[in-house]
Amino acid sequence: MIRIDHISKRFKRLQVLDDVSASFTKGQVISLIGPNGSGKTTLIKTILGMVKADSGEIYVNDTAVNSDFEYRKDIGYMPQIGRYPDNLKVGQLFKMLKHIRGREGRELDHSLVEKFNLPAIYDKPMRTLSGGTRQKVSACLAFLFNPDVLILDEPTAGLDPLSSEILKEKIIEEKNKNKLILITSHVLSDLDELTTHIMYLQEGKLRFLKDMQTLQDETGEARLGKAIARIMKSEKLNLLSEDEKVIIKK
């Protein structure tokens with residue numbers, strides 16, 4: 001469904017993405033992880049056409065993202081920080097986006113709207129909402145149009161524990177519908193029950209793209225956080241001299 005071919009992107013002197021290639025298909029939940037500044041959000045924005053790559057190409061359902069914006073109708077996007085007009089009321093925001101996007105021949109998905117009880121705040125302006133409530137609005141908008149692809153950037157950030165569990169249950173529900181889901185998160189424990197594949201970026205380079213079972217087998221760790229920590233520790237050791245390795249082992 002998504003094919004990334006040798007994507008590179010530089011912002012002035014900073015190489016944010018460096019010859020990244022990968023392919024994702026339906027039914028996968030890709031956890032896109034890496035340190036701060038590794039290029040995760042830039043890659044997401046490049047897939048969405050919000051950032052234009054310096055070289056390479058991205059295809060969504062065989063459509064090059066720079067050739068036809070219509071591919072975006074198949075994608076639901078939840079940004080890390082949702083920015084909306086301050087004076088717009090919550091209900092007006094939903095009405096406006098429904099009008100802009102139309103039904104597109106699909107039944108709208110209001111399940112999260114109901115579970116988060118958003119109709120109770122439809123009359124509130126966006127400027128009055130807490131960060132967590134804004135996250136709920138962003139999550140509901142991402143799922144509303146029943147897209148084939150979901151891109152969720154730090155989806156549980158700012159959510160209370162109950163709301164976080166509701167959102168994770170919804171992600172699993174969409175996964176079981178054979179949709180493609182890309183998630184970034186610094187809270188790796190949130191990803192354990194969701195993830196089928198891990199894509200690890202560091203300094204703009206793709207270090208690996210592996211299915212969860214392979215990662216567990218290679219590291220001997222069942223939990224994603226511990227598996228990634230073991231890999232990072234191993235890579236750090238590989239960069240040290242033999243004398244430095246001996247000191248660490250002592």
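Computed over heavy atoms, backbone and side chain alike; hydrogens, waters and symmetry mates excluded.
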### Task
For side chain to side chain contact (heavy atoms under 4.5 Å, CB included), just list the numbers for Asn146 and Leu108, CA-CA rounded to whole Å, side-chain angles, deciding distance to a tenth of an Å, and then say yes or no.
CA-CA 6 Å; Asn146 200 17; Leu108 296 180; over 6 Å; no
Mark yes or no for whether [X], through its side chain, and [Y], through its backbone, hold a donor-acceptor pair below 3.5 Å.
| X | Y | result |
| --- | --- | --- |
| Gln216 | Ala222 | yes |
| Ser163 | Leu159 | no |
| Glu154 | His186 | yes |
| Asp68 | Glu70 | yes |
| Asp192 | Leu224 | yes |
| Thr195 | His197 | no |
| Thr42 | Gly39 | no |
| Thr184 | Leu32 | no |
| Gln135 | Gly132 | no |
| Gln15 | Leu17 | yes |

### Task
Would you please test Thr214 and Asp217 for side chain to side chain donor-acceptor pair (under 3.5 Å) and show each step?
CA-CA 5 Å; Thr214 297; Asp217 292 343; 5.6 Å; no
### Query
Tell me the salt bridge (charged side-chain N to carboxylate O under 4.0 Å, His left out) pairs involving residues 34-53, sequence neighbours left out?
none
### salt bridge (charged side-chain N to carboxylate O under 4.0 Å, His left out) pairs, two or more places apart, involving residues 9-20
Lys9-Asp54, Asp18-Lys205
When you compare the side chain of [Y] with that of [X], does any pair of heavy atoms fall below 4.5 Å?
| X | Y | result |
| --- | --- | --- |
| Phe143 | Met78 | no |
| Val137 | Met126 | yes |
| Ile181 | Gln28 | no |
| Val29 | Ile172 | no |
| Leu129 | Tyr84 | no |
| Leu215 | Phe208 | yes |
| Leu144 | Leu97 | no |
| Leu191 | Ile33 | yes |

What are the two closest non-hydrogen atoms of [X] and [Y], and how far apart are they?
| X | Y | result |
| --- | --- | --- |
| Ala142 | Pro147 | O-CG, 3.6 Å |
| Ile7 | Ile4 | CG1-CG2, 3.5 Å |
| Asn178 | Lys26 | O-CB, 3.2 Å |

### Query
Distance only, no hydrogens: is a donor on one side chain within 3.5 Å (strictly under) of an acceptor on the other, for Thr156 and Ser164?
no
### Query
Between Tyr77 and Ser138, does any side-chain donor sit less than 3.5 Å from a side-chain acceptor?
no
### Task
Apply the test side chain to side chain contact (heavy atoms under 4.5 Å, CB included) to residues Leu93 and Leu141: give CA-CA distance (whole Å), side-chain angles for both, the deciding distance (0.1 Å), then the verdict.
CA-CA 9 Å; Leu93 174 63; Leu141 291 173; 3.9 Å; yes
Using 0.5 Å steps for rounding, measure from the [atom1] atom of [X] to the [atom2] atom of [Y].
| X | Y | atom1 | atom2 | result |
| --- | --- | --- | --- | --- |
| Ile75 | Ile47 | CD1 | CD1 | 7.5 Å |
| Lys226 | Ser189 | NZ | OG | 12.0 Å |
| Gln80 | Leu152 | CD | CG | 12.5 Å |
| Ile58 | Leu43 | CD1 | CG | 6.0 Å |
| Tyr71 | Thr63 | OH | OG1 | 9.5 Å |
| Leu150 | Ile183 | CG | CD1 | 9.0 Å |

### Query
In terms of heavy-atom contacts, does CZ of Phe69 have more than 12 from other residues, nucleotides or ligands at under 6.0 Å?
no
### Message
Surrounding CG of Asp62 (heavy atoms of other residues, nucleotides or ligands, distance under 6.0 Å), is the total greater than 12?
### Response
no
Using a strict cut-off of less than 4.0 Å between a Lys/Arg side-chain nitrogen and an Asp/Glu carboxylate oxygen, indicate whether [X] and [Y] qualify as a salt bridge.
| X | Y | answer |
| --- | --- | --- |
| Glu218 | Arg230 | no |
| Lys168 | Asp190 | yes |
| Asp74 | Arg72 | no |

[X], [Y]: one ILVMFWY side-chain cluster at the under-4.5 Å cut-off?
| X | Y | value |
| --- | --- | --- |
| Ile166 | Ile171 | yes |
| Phe24 | Met1 | yes |
| Leu48 | Leu201 | yes |
| Ile44 | Val20 | yes |
| Met50 | Ile100 | no |

### Query
Step by step, would you call Val149 with Lys179 a side chain to side chain contact (heavy atoms under 4.5 Å, CB included)?
CA-CA 6 Å; Val149 179; Lys179 295 187 178 183; over 6 Å; no
### Query
Ile198 and side-chain contact (heavy atoms from CB on, under 4.5 Å): which partner among Leu188, Leu209, Ile228, Ile30?
Ile228
Side-chain polar contacts of residues 110-120 - donor-acceptor pairs under 3.5 angstrom, sequence neighbours left out - could you list them?
residue, atom, partner, partner atom, Å
His110, NE2, Lys98, NZ, 3.1
Ser111, OG, Asp109, OD1, 2.7
Ser111, OG, Lys170, NZ, 2.9

#### Entry: Tyr122 and Phe94 aromatic ring geometry - parallel, tilted or perpendicular at 30°/60° bounds
tilted
### Query
Honestly, is Arg101 close enough over Phe145, meaning NZ or CZ under 6.0 Å from the six-membered ring centre and within 45° of the axis?
yes
### Task
Give the C-alpha distance, both sets of side-chain angles, the deciding distance and a yes or no for side chain to side chain donor-acceptor pair (under 3.5 Å) between Asp5 and Ser21.
CA-CA 5 Å; Asp5 287 344; Ser21 294; 5.1 Å; no
